[in-house]
Amino acid sequence: MGHIKYVHGYSDREALRLNDQADTLDDIIHNDTIFLKDSFVLEAGCGVGAQTKIIAAKNPDSNFISIDLSEDSISEAKQLIKALGINNVELRQADIYHLLFKDRTFDSVIICFVLEHLHNPIHALNELKRVLKEGGVIIAIEGDHGSTFFYPDSTYAHSAINCQIQLQRQSGGNSNIGKELYPLFKSVGLYDISVSPRMVYVDASRPQLVEGFIKNTFTAMIEGVGEKAIKQGIIDTQTFDKGIKDLYRTAESDGVFSYTFFKGIGKKK
């Protein structure tokens, strides 16, 4: 969204990863993303539509406007939504920091995996709050890399993960923002705030998550920042490669991997 550098880039592989992530996490994150009938909902930072397709399909009696700063992402999202026959979504290019909607336009606002990329999440939340009706809710869903643990443990793997955290910080973002949702919501004056951790726990008894989350979502994301991290001297090639190898190692038959997302809900007075 506005004035950010998206750390993961906009490649086809990245679009695939985002869709894998959304499909895998659907039940864990969106099982309760249900809006009242006839709600008018703003989805801010929809990207390639990976979350859009889930929340719009779950809420066929609501209407959505889904926005993103990237023209390419919007055009990809349009193709996806059309291909799936979803007809309750309007996609628009827009800047989250400067929304062209009137005050109190929407019944609800949802923002998934976007605040982590913003240099000023409070500004964005205030702008989203402005276009929300009184009594309406903002839902924010974010990950937190600080919540990652795995077996076998590996300092190399933690170093590789730290590359993503550092690069995100350099871009003005925050990979550990999940744990900060409550104070962020509090600081923009939302009330009746509830934050629920959504843990993704994976072992060999959950083969779909081994593929979908450990390999195709998390490790693919960390692997994607390697070149940049090595170039910037954050890590050396050998350490990074060993870290990625050790992350893939957690996907083997005796491996365990855990990561926590946070879902925050707050109301506007």
Do [X] and [Y] sit in the same hydrophobic cluster, where Ile, Leu, Val, Met, Phe, Trp and Tyr count as joined when their side-chain heavy atoms come under 4.5 Å apart?
X	Y	result
I193	I138	yes
I74	L84	yes
F240	I165	yes
Y151	M199	yes
V114	I122	yes

State, yes or no, whether a side-chain contact exists between [X] and [Y] at a heavy-atom distance under 4.5 Å.
X	Y	result
I81	K53	yes
D61	F35	no
I28	F213	no
F150	I214	no
K245	Y248	no
L115	L125	yes
T250	T219	no
L209	V200	yes

Do F64 and L91 pass the side chain to side chain contact (heavy atoms under 4.5 Å, CB included) test, and can you show the C-alpha distance, the side-chain angles, and the key distance before you say yes or no?
CA-CA 8 Å; F64 294 83; L91 289 138; over 6 Å; no
Any donor-acceptor N/O pair, [X] side chain to [Y] backbone, under 3.5 Å:
X	Y	value
E127	L99	yes
T239	Y156	no
N216	E211	yes
K129	V188	yes
K268	L132	yes
N59	S62	no
N88	A56	yes

* Asked: Checking side chain to side chain contact (heavy atoms under 4.5 Å, CB included) for the pair Q51/H30: CA distance, chi angles, key distance, verdict?
  -> CA-CA 9 Å; Q51 308 297 319; H30 289 304; 2.7 Å; yes
Ion pair check, D246 and K242, cut-off under 4.0 Å
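Looking at K242 together with D246, the answer is yes, because their closest N to O distance falls below 4.0 Å.
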| Taking 4.0 angstrom as the limit, do D153 and R249 come out as a salt bridge? |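 Result for this pair is no, no salt bridge flagged.
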Measuring from [X]:[atom1] to [Y]:[atom2], what's the distance to the nearest 0.5 Å?
X	Y	atom1	atom2	value
K78	E90	NZ	CD	8.5 Å
D144	T260	CG	OG1	8.0 Å
L247	T148	CG	OG1	9.0 Å
D27	I54	CG	CD1	9.0 Å
Q164	I222	CD	CD1	5.0 Å
L128	F101	CG	CZ	10.0 Å

For [X] and [Y], work out which heavy atoms get closest and say how close.
X	Y	answer
E142	L181	CG-CD2, 4.1 Å
P60	A57	CD-O, 3.5 Å
K102	R130	C-NH1, 3.7 Å
I234	C163	CG2-SG, 4.0 Å
A124	L118	CB-CD1, 3.5 Å
S73	D68	CB-OD1, 4.0 Å

May I ask you to list the residues sharing a hydrophobic cluster with L100, side-chain cutoff 4.5 Å, ordered by chain and number?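 Listed partners: none, L100 stands alone.
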Quiz prompt | Derivation of the side chain to side chain contact (heavy atoms under 4.5 Å, CB included) call for K267 and V137 | solution = CA-CA 4 Å; K267 277 187 187 170; V137 297; 3.6 Å; yes
Hey, mind stepping through K263 and T33 against side chain to side chain donor-acceptor pair (under 3.5 Å) and telling me if it holds? CA-CA 10 Å; K263 185 171 189 171; T33 307; 2.6 Å; yes
Contacts of type side chain to side chain donor-acceptor pair (under 3.5 Å), residue D203, not counting sequence neighbours: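 Here the qualifying residues are Y201, S205.
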query = Relative to each other, are the rings of Y259 and H145 parallel, tilted or perpendicular (30° and 60° limits)?
reply =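 It falls in the perpendicular class, over 60°.
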Does either side chain, that of Q232 or that of Q166, offer a donor lying less than 3.5 Å from an acceptor on the other one?
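Result is no, nothing qualifies.
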Under 3.5 Å, side-chain donor or acceptor atoms of residues 37-47 against the rest of the protein: list the pairs with distances, not counting sequence neighbours.
from: S39; atom 1: OG; to: L36; atom 2: N; distance (Å): 3.4
from: S39; atom 1: OG; to: L36; atom 2: O; distance (Å): 2.6
from: E43; atom 1: OE1; to: T52; atom 2: OG1; distance (Å): 2.7
from: E43; atom 1: OE1; to: S66; atom 2: OG; distance (Å): 2.8
from: E43; atom 1: OE2; to: T52; atom 2: OG1; distance (Å): 3.3

For E134, does the CD atom have more than 12 heavy-atom neighbours from other residues, nucleotides or ligands under 6.0 Å away?
->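 Buried by this count: over 12 neighbours within 6.0 Å.
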Aromatic contact, F262 with Y182 (centres under 6.0 Å):
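Between Y182 and F262, which both carry aromatic rings, the centre distance is not below 6.0 Å.
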Exercise for review: Report the C-alpha distance between L69 and I96 in whole Å, list the side-chain angles of each, state the deciding distance to 0.1 Å, and finish with yes or no for side chain to side chain contact (heavy atoms under 4.5 Å, CB included).
Suggested key: CA-CA 8 Å; L69 190 68; I96 199 168; over 6 Å; no
